[in-house]
Engineer: 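Quick one: the structure is below, questions incoming.
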Amino acid sequence: MTTRYSYTDPATGAPVLDCEHCIDGHMPGHLDPLLGSYFVSCPHCDAPCPACGGRGVYVDACCLAHFGQRLHTERGLRTFCCRTCNGITRLLDPTGRRVWP
């Protein structure tokens with residue numbers, strides 16, 4: 001049984017839902033050579049995304065658009081995101097070959 005905590009963020013006034021495994025529905029993923037550190041959706045708090053099945057990951061960067069542009073500029077990789085949760089689901093090289101995951 002997972003204990004869930006609900007409170008209001010004093011800075012934004014937005015509701016926050018935490019459990020023993022996550023902060024606001026996201027838990028640390030791994031450290032990846034291409035993505036760096038990333039987060040995944042907490043399987044204890046939320047149901048998996050219906051579009052990607054919970055495979056989408058969220059990078060520890062300023063924003064996804066800048067991160068994708070940086071990957072494309074520096075390494076020639078294209079970032080594909082889930083249409084529902086906006087998590088990164090795959091990276092392709094210039095030839096269209098999948099390089100992540």
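The analysis underlying the following values was restricted to heavy atoms, covering all of them including side chains, and did not include hydrogens, waters or symmetry mates.
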Engineer: Give the minimum heavy-atom separation between Cys82 and Ala51, together with the two atoms involved.
Structural biologist: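 Result for this residue pair: SG-CB, 3.7 Å.
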Engineer: What residues, two or more places apart in sequence or in another chain, satisfy side chain to side chain donor-acceptor pair (under 3.5 Å) together with Thr84?
Structural biologist: none
Engineer: So Cys42 and His26, do their side chains get closer than 4.5 Å, heavy atoms only?
Structural biologist: no
Engineer: Give the other cluster members for Met27, using side-chain heavy-atom distances under 4.5 Å between Ile, Leu, Val, Met, Phe, Trp and Tyr residues; answer none if it is isolated.
Structural biologist: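 Via sub-4.5 Å side-chain contacts, Met27 links to Leu34, Leu35, Tyr38, Val40, Val57, Val59, Leu64, Phe67, Leu71, Leu77, Ile88, Leu91, Val99, Trp100.
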Engineer: Applying side chain to side chain donor-acceptor pair (under 3.5 Å), can you list everything that pairs with Asp93, at least two apart in sequence or on another chain?
Structural biologist: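 Here the qualifying residues are Thr95, Arg97.
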Engineer: Where is the tightest heavy-atom contact between Cys81 and Asn86, given as atom of each residue plus distance?
Structural biologist: CB-OD1, 3.8 Å
Engineer: Can you check whether Ser41 reaches Cys49 side chain to side chain, under 4.5 Å on heavy atoms?
Structural biologist: no
Engineer: Which residues pass the salt bridge (charged side-chain N to carboxylate O under 4.0 Å, His left out) test with Asp32, sequence neighbours left out?
Structural biologist: none
Engineer: Return each pair, listed once, that meets side-chain hydrogen bond (donor to acceptor under 3.5 Å, both in side chains) where at least one residue sits in residues 58-71; pairs must be two or more places apart or across chains.
Structural biologist: Ser37-Asp60
Engineer: Locate the shortest heavy-atom distance separating Cys52 from Cys85; write the atom from each residue and the value.
Structural biologist: SG-SG, 3.8 Å
Engineer: Applying side chain to side chain contact (heavy atoms under 4.5 Å, CB included), name anything that partners His72, two or more places apart in sequence or on another chain.
Structural biologist: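 Once residues adjacent in sequence are excluded, the partners of His72 under the side chain to side chain contact (heavy atoms under 4.5 Å, CB included) criterion are Arg78.
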